[in-house]
Amino acid sequence: MSRLGNLGARLYRGEVGYDFVAKRKFWYAVSILITITAIAGLAVRGLNMGIEFKGGAVYTTPQTTVSASTAEEIAEETAGHDAIVQELGTGGLRIQVSGLDTKQANALKDEIAAGIDVPAKEITAELVGPSWGEQIANKAWTGLGVFMILVVVYLAFAFEWRMALAALIALVHDLTITVGVYALVGFEVTPGTVIGLLTILGYSLYDTVVVFDGLKEGSKDITKQTRHTYSEMANRSLNGTLVRSINTTVVALLPVAGLLFIGGGFLGAGMLNDISLSLFVGLAAGAYSSIFIATPLVADLKERDPQMIALRKRVLAKRAAAAAKGETQDGDALAEVPEGAAAAGVVGPRGRRGRPTEKR
């Protein structure tokens, strides 16, 4: 068995683990800082909306020796509006100019043809109205709203309302970070971006539901035992699916990274950036939130339940009695003692049931 596979098996059996839940306040602080940065970027810089949302004209030229920067200068000087020029694989150019009506678009076509020394009849011009982009945006908001409602209803019935609330917060967290990154880097927002944002919701929810399913199974009849608190059981479930979550995320990120860094960056296919950036950031944020946000939030909410409060008191009382006798009960490797006293980092193998872990 590979080293990673062996680690995954030990995590699943609870022999080793990282106490994510005990360190939840630190990860909450990190998430709040990232979210504030994303919101600040969105407020200060705003989103660079594509021509589909602002309206304008798109020109596609045949093969030309004129560079994209030169064509951009020609288009901006002639139109008096910002232009975005992308080089195509055919050797031609795709020129986008926003804020043009039909008359202005036809005049600019002739100017571009003269500037890049290409016959005007060989340039394809397409006029895009802002109403089309507005319809796309409205449908996206509608789809997002319906998705969120269905997620909350499903999780509330399949699991419980605390898990539904935690998953909803994690989804909003992922969307906010992704949109904030778009504002900070200045990438153009197109319908492809919208598709990417809606796509990441499913990926973000997948890991969260996997952990929740393990937590639901592990917490059955939890009040009938005195070995683990609910937070400890949540942490064990999270560690049990940790390697699986990491593997799934890495496998999903690799092709998206290829689109973003090789296709969009190295090869210059800028149109790939529209969807690849939203997918890349969203997948990474989704994996982060499922591990560091969703499950710790469920544990926080659940520990406020009177039954869980009583369970924690019984567990800690039993451990105190065992400690007084110099014994360590089975399963204490991931034990969370009162606030601030939990063991840090990765813990080692557990002792045997009812026997001391040290020599007498």
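It should be emphasised that the depicted structure is a prediction, and the values quoted were computed from it without experimental measurement.
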**Q** Can you spot which of L215, T295, V209 makes a side-chain contact (heavy atoms from CB on, under 4.5 Å) with M163?
**A**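 Exactly one option meets the side-chain contact (heavy atoms from CB on, under 4.5 Å) with M163, and it is L215.
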**Q** Got a donor-acceptor contact below 3.5 angstrom from the D174 side chain to the G282 backbone?
**A**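 Side chain of D174 to backbone of G282, a donor-acceptor pair under 3.5 Å: no, none is there.
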**Q** With the 4.5 Å side-chain cut-off for hydrophobic clustering, are M148 and L150 part of the same group?
**A**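 No.
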**Q** Between CZ of R162 and CG of L155, what distance do you get to the nearest 0.5 Å?
**A**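 R162 CZ to L155 CG: 14.0 Å, rounded to 0.5 Å.
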**Q** Considering all heavy atoms of both residues, which atom of F212 and which atom of A294 are nearest to each other, and what is their separation?
**A**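 Between these two residues, the closest heavy atoms are CZ-CB, 4.1 Å.
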**Q** When you check the gap from the basic side-chain N to the acidic O, do R319 and E232 get nearer than 4.0 Å?
**A**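 The answer is yes: the pair qualifies as a salt bridge.
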**Q** With clusters defined by side-chain heavy atoms of hydrophobic residues (ILVMFWY) lying less than 4.5 Å apart, directly or transitively, does L144 cluster with V153?
**A**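 In one cluster: no.
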**Q** Under the criterion side-chain contact (heavy atoms from CB on, under 4.5 Å), I'd like the reasoning laid out for L175 against L201: C-alpha separation, chi angles, the key distance, then a yes or no.
**A** CA-CA 8 Å; L175 285 175; L201 297 178; 3.7 Å; yes
**Q** Taking R236 for the side chain and M233 for the main chain, is one N or O donor matched with an acceptor at less than 3.5 Å?
**A**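 No; judged by distance alone, with no hydrogens or angles, the pair does not exist.
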**Q** Are the side chain of R312 and the backbone of T229 linked by a donor-acceptor contact shorter than 3.5 Å?
**A**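 No; zero donor-acceptor contacts below 3.5 Å.
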**Q** Give, for atom OG of S31 and atom CD1 of I169, the distance between the pair rounded to the nearest 0.5 Å.
**A**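 It is 11.0 Å, given to the nearest 0.5 Å.
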**Q** Between CG of N235 and CZ of R24, what distance do you get to the nearest 0.5 Å?
**A**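 The CG atom of N235 sits 10.0 Å away from the CZ atom of R24.
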**Q** Please enumerate all residues that pass side-chain contact (heavy atoms from CB on, under 4.5 Å) together with Q307, with sequence neighbours excluded.
**A**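 Q307: side-chain contact (heavy atoms from CB on, under 4.5 Å) contacts with T223, D305.
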**Q** Taking all atoms of both residues into account, what is the closest heavy-atom pair of A113 and P119, and its distance?
**A**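 Answer, listing the atom of A113 first, then P119: CB-C, 4.2 Å.
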**Q** Determine whether a donor-acceptor pair (N or O, by modelled atom type, separation under 3.5 Å) exists between the side chain of T61 and the backbone of L93.
**A**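 Yes, T61 side chain to L93 backbone: donor-acceptor pair under 3.5 Å.
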**Q** Check step by step if side-chain contact (heavy atoms from CB on, under 4.5 Å) holds for Y154 and L205.
**A** CA-CA 12 Å; Y154 168 75; L205 191 63; over 6 Å; no
**Q** Within a strict 4.5 Å, meaning less than it, do heavy atoms of the D300 and Y28 side chains meet?
**A**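 They are in contact (side-chain heavy atoms under 4.5 Å apart), so the answer is yes.
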**Q** Sub-3.5 Å donor-acceptor pair from the side chain of K109 to the main-chain atoms of Y59, do we have one?
**A**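 Side chain of K109 to backbone of Y59: no pair is present.
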**Q** Quick one: are F20 and L242 in side-chain contact, heavy atoms under 4.5 Å?
**A**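 Result yes, sub-4.5 Å side-chain heavy-atom pair found.
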**Q** Hey, mind stepping through L168 and V151 against side-chain contact (heavy atoms from CB on, under 4.5 Å) and telling me if it holds?
**A** CA-CA 8 Å; L168 181 62; V151 165; over 6 Å; no
**Q** If you take all heavy atoms of A158 and K216, which pair is closest and at what distance?
**A**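 Looking at all heavy atoms of both residues, the closest pair is O-NZ, 2.7 Å.
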**Q** Rounded to the nearest 0.5 Å, how far does NE2 of H173 lie from OG1 of T178?
**A**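 Atom-to-atom, T178:OG1 and H173:NE2 are 9.5 Å apart.
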**Q** Is a side-chain donor or acceptor of Q225 paired with a backbone partner of I222 at a separation under 3.5 angstrom?
**A**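 It does hold such a pair.
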**Q** Flag the pair Y206 / T248 as yes when at least one side-chain heavy-atom distance between them is below 4.5 Å, and no otherwise.
**A**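 Yes. Closest side-chain heavy atoms under 4.5 Å.
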**Q** I'd like to check V118 versus P62 (side-chain heavy atoms, cut-off strictly below 4.5 Å). Are they in contact?
**A**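 V118 vs P62: side chains touch.
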**Q** Decide yes or no for I36 and I32: does some side-chain heavy atom of the first lie under 4.5 Å from some side-chain heavy atom of the second?
**A**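 Sidechains of I32 and I36: in contact.
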**Q** Distance check, rounded to the nearest 0.5 Å: L311 atom CG versus L316 atom CG?
**A**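 If I round to the nearest 0.5 Å, the distance is 9.0 Å.
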**Q** Are L42 and L184 grouped together when hydrophobic residues (ILVMFWY) are joined by side-chain heavy atoms under 4.5 angstrom apart?
**A**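 Cluster IDs for L42 and L184 differ.
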**Q** For the pair F292 and V30, evaluate side-chain contact (heavy atoms from CB on, under 4.5 Å) and give the outcome as yes or no after the intermediate values.
**A** CA-CA 10 Å; F292 298 104; V30 171; over 6 Å; no
**Q** If you compare all heavy atoms of S278 against all heavy atoms of I200, which two are closest, and at what distance to 0.1 Å?
**A**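 Scanning both residues completely, I find the closest heavy atoms to be O-CG2, 3.5 Å.
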**Q** Using the rule that two of Ile, Leu, Val, Met, Phe, Trp, Tyr join whenever any of their side-chain heavy atoms come within less than 4.5 Å, decide whether V172 and I149 are in one cluster.
**A**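 Different clusters.
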**Q** Would I293 and L165 show up in the same hydrophobic cluster when neighbours are defined by side-chain heavy atoms closer than 4.5 Å?
**A**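 Same cluster: I293 reaches L165 through Ile, Leu, Val, Met, Phe, Trp or Tyr contacts under 4.5 Å.
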**Q** If I compare all heavy atoms of A156 with all of A164, which pair ends up nearest, and what's the gap?
**A**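 Looks like N-CB, 3.8 Å.
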**Q** Considering non-hydrogen atoms only, spot the tightest contact between A38 and I177 and give its length.
**A**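 It is CB-CA, 4.1 Å.
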**Q** Is there a side-chain contact between F159 and D213, using heavy atoms and a 4.5 Å cut-off?
**A**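 A side-chain contact exists here, since the closest heavy-atom pair is under 4.5 Å.
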